[in-house]
Amino acid sequence: MRTMVLVTILAVAGIGPAAAGVLERAKESGEIRIGYRLDAEPFSFKNSEGRAAGYSVDLCRAAVAEAAVALGVAELKTVEVQVTGADRLDAVQQGKIDLLCEATTLTLSRRENVDFSLPTFATGASLLYPKDGAKSFDQLEGKKVGVLAGSTTEDGLKKALEAAKISATIVAVPTHTDGIERLANGELAAYFGDGAILLYQLVQSPFRDRLLMSDKVLSFEPYALAVPKGDDDFRLVVDRALARLSRTGEVGTIFQRNFGEGAKPSKLIEALWVLDAVPE
């Protein structure tokens, strides 16, 4: 009876056994669940074989391999869970995924709900314009500007317009592909997004001959892999994997594989890799 009363008191007080961490669950289940998106090439997408792929996904696969080493098992199964720009962080917080593998900007406000790995990339928001339309940010007064719904760039666009005292209509779109198509068809005067993703999307787009990339960077976006809040053991495993990739130079190979032949990392990215090469 005393035990039942104690359990009831603890339940009412919100006190109970600590939730199992990712590594503990992985040891029992033999798997780690990674979240990926369809619309964040070259960081996160579904390839022609129907599997998660991209720069961030490859980093996550290295982290899963590192987790297997930490647990002393031959391998762990990687379960791929599709997320969206709107629900990706909720998926981490609610335990639907163990590791978020896409173009996620590390912010202090997001750290209230999830934790982050070492930085994995650094870029900034920019714009695409139609060749026969507006050519600069100050020409967007009274026009429609597209942006990916639920992304940090959506808030960044609002702030950039306010700072420049430009009154424009923000049009949130479900995917970059949709936004770029609307831009090419004249429905939008500009499309705002992460510079690295926009450049990749432009090169791949069938509408590339109608569009041009702005040379203006309007924000700073440091990317990282999101992990469950308070799971320090798992975050250390992820950081250990990222540090090893930087120390060995393998991260450069992963970059080339996903950004394409001839793609060169910026000086900022190269500096980030140096900083990530944390010694054991």
Side-chain angles (χ1 to χ4, degrees), residues 35 37-44 56 83-93 100 102-114 116 119-131 133-202 205 207 210-226 266 268:
R37 277 167 56 189
L38 296 178
D39 57 356
E41 283 187 90
F43 295 95
S44 185
S56 297
V83 297
T84 68
D87 68 12
R88 53 188 172 161
L89 295 173
D90 289 338
V92 179
Q93 194 175 1
L100 181 57
E102 43 97 54
T104 312
T105 301
L106 187 166
T107 68
L108 295 176
S109 59
R110 284 177 171 175
R111 280 178 53 192
E112 294 177 1
N113 300 309
V114 299
F116 288 94
T120 57
F121 205 82
T123 183
S126 190
L127 298 109
L128 285 175
Y129 297 108
K131 287 184 176 179
K135 299 294 191 299
S136 63
F137 198 65
D138 57 8
Q139 293 177 0
L140 297 178
E141 177 69 33
K143 294 182 170 53
K144 294 180 179 180
V145 183
V147 66
L148 185 67
S151 63
T152 55
T153 45
E154 185 174 3
D155 185 55
L157 175 57
K158 293 176 184 176
K159 291 179 179 177
L161 290 170
E162 289 172 1
K165 294 183 169 50
I166 295 173
S167 178
T169 301
I170 296 175
V171 179
V173 299
T175 67
H176 291 302
T177 302
D178 180 63
I180 291 173
E181 183 173 355
R182 293 192 195 188
L183 178 64
N185 291 337
E187 296 177 45
L188 302 172
Y191 186 70
F192 186 86
D194 168 272
I197 292 179
L198 288 186
L199 182 58
Y200 181 86
Q201 292 284 337
L202 178 62
S205 174
F207 308 110
R210 305 187 206 172
L211 308 173
L212 57 84
M213 184 88 180
S214 171
D215 58 1
K216 187 171 185 178
V217 177
L218 299 168
S219 70
F220 171 58
E221 304 276 340
Y223 288 173
L225 307 177
S266 67
L268 179 59

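Keep in mind it's a predicted model, so treat the numbers as computed, not measured. Quick note: residue numbers are just sequence positions, from 1.
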J.: Mind checking the OG1-CD spacing from Thr107 to Glu112? Nearest 0.5 Å is all I need.
T.: 8.5 Å
J.: Show me the pairs that pass ring pair (Phe, Tyr, Trp, His ring centres under 6.0 Å) and involve residues 139-166, at least two apart or across chains.
T.: none
J.: Which atom names give the shortest non-hydrogen contact between Leu157 and Gly146, and what distance separates them?
T.: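 What the structure gives for the nearest pair is CD2-O, 4.4 Å.
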J.: For the side chain of Asp194 and the backbone of Ala196, is there at least one donor-acceptor N/O pair under 3.5 Å apart?
T.: yes
J.: Report the C-alpha distance between Gln93 and Leu89 in whole Å, list the side-chain angles of each, state the deciding distance to 0.1 Å, and finish with yes or no for side-chain contact (heavy atoms from CB on, under 4.5 Å).
T.: CA-CA 6 Å; Gln93 194 175 1; Leu89 295 173; over 6 Å; no
J.: Does the side chain of Glu41 come within less than 4.5 Å of Gln201's, by heavy atoms?
T.: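 Yes, at least one pair of side-chain atoms sits under 4.5 Å.
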J.: Any side-chain to backbone donor/acceptor pair from Tyr129 onto Phe137? Under 3.5 Å, distance only.
T.: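 Such a contact is found between Tyr129 side chain and Phe137 backbone.
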J.: Given Gln139, which partner from the list Glu141, Lys143, Lys135 fulfils the side chain to side chain contact (heavy atoms under 4.5 Å, CB included) test?
T.: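 The side chain to side chain contact (heavy atoms under 4.5 Å, CB included) with Gln139 is passed solely by Lys135 among Glu141, Lys143, Lys135.
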J.: Does some side-chain heavy atom of Asn185 sit less than 4.5 Å from a side-chain heavy atom of Arg210?
T.: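 They are in side-chain contact.
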J.: To the nearest 0.5 Å, what is the distance between OG1 on Thr153 and NE2 on His176?
T.: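 Nearest 0.5 Å value for the OG1-NE2 distance: 6.5 Å.
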J.: Within the side chain of Asp87, is there an N or O that forms a donor-acceptor pair under 3.5 Å with the backbone of Val83?
T.: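 Looks like no, no N/O pair under 3.5 Å.
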J.: Heavy-atom count around Lys131 NZ within 6.0 Å, excluding the residue itself: above 12?
T.: yes
J.: Would you check if Tyr191 and Leu211 make a side-chain contact, meaning some heavy-atom pair closer than 4.5 Å?
T.: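 Contact flag for Tyr191/Leu211 side chains = no.
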J.: Taking all non-hydrogen atoms of both residues, which atom of Thr123 and which atom of Gly195 are closest, and how far apart?
T.: OG1-N, 3.9 Å
J.: Hey, could you give me the OG1/CZ distance between Thr177 and Phe207, rounded to the nearest 0.5 Å?
T.: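 The CZ atom of Phe207 is 9.5 Å from OG1 of Thr177, to the nearest 0.5 Å.
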J.: Say you draw a straight line from CG of Leu225 to CZ of Phe121; how long is it, rounded to the nearest 0.5 Å?
T.: 13.0 Å
J.: Rounded to the nearest 0.5 Å, what separation is found between the CE atom of Met213 and the CG atom of Leu198?
T.: 5.0 Å
J.: Between Ala224 and Pro119, which heavy-atom pair has the shortest distance, and what is it?
T.: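 For Ala224 and Pro119, the tightest heavy-atom pair comes out as CB-CA, 4.2 Å.
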J.: Is any side-chain heavy atom of Tyr223 closer than 4.5 Å to one of Thr105?
T.: yes
J.: Determine the minimum heavy-atom distance between Ala122 and Leu268, stating which atoms define it.
T.: CB-CD2, 3.6 Å
J.: Between Gly179 and Leu188, what is the shortest heavy-atom contact and its length?
T.: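 Smallest heavy-atom distance, with atoms named: O-CD1, 3.6 Å.
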J.: Does any part of the side chain of Leu161, heavy atoms only, come nearer than 4.5 Å to the side chain of Ile170, both counted from C-beta?
T.: yes
J.: To the nearest 0.5 Å, how far apart are CD1 in Ile180 and CG in Leu202?
T.: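 Atom-to-atom, Ile180:CD1 and Leu202:CG are 7.0 Å apart.
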J.: May I ask you to test the Arg111-Leu106 pair for a side-chain heavy-atom distance under 4.5 Å?
T.: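 Yes, at least one pair of side-chain atoms sits under 4.5 Å.
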J.: Do any N or O atoms from the side chain of Ser214 and from the backbone of Ser126 form a donor-acceptor pair under 3.5 angstrom?
T.: no
J.: Can you sort out the partners of Asp178 under salt bridge (Lys or Arg N to Asp or Glu O under 4.0 Å), two or more places apart, ordered by chain and number?
T.: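 For Asp178, the residues satisfying salt bridge (Lys or Arg N to Asp or Glu O under 4.0 Å) (neighbours in sequence not counted) are Arg182.
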J.: State which residue, out of Leu140, Val171, Ile166, Thr169, fulfils the side chain to side chain contact (heavy atoms under 4.5 Å, CB included) condition with Val145.
T.: Leu140
J.: What pair of heavy atoms forms the shortest contact from Ala172 to Ala149, and how long is it?
T.: CB-CB, 3.8 Å
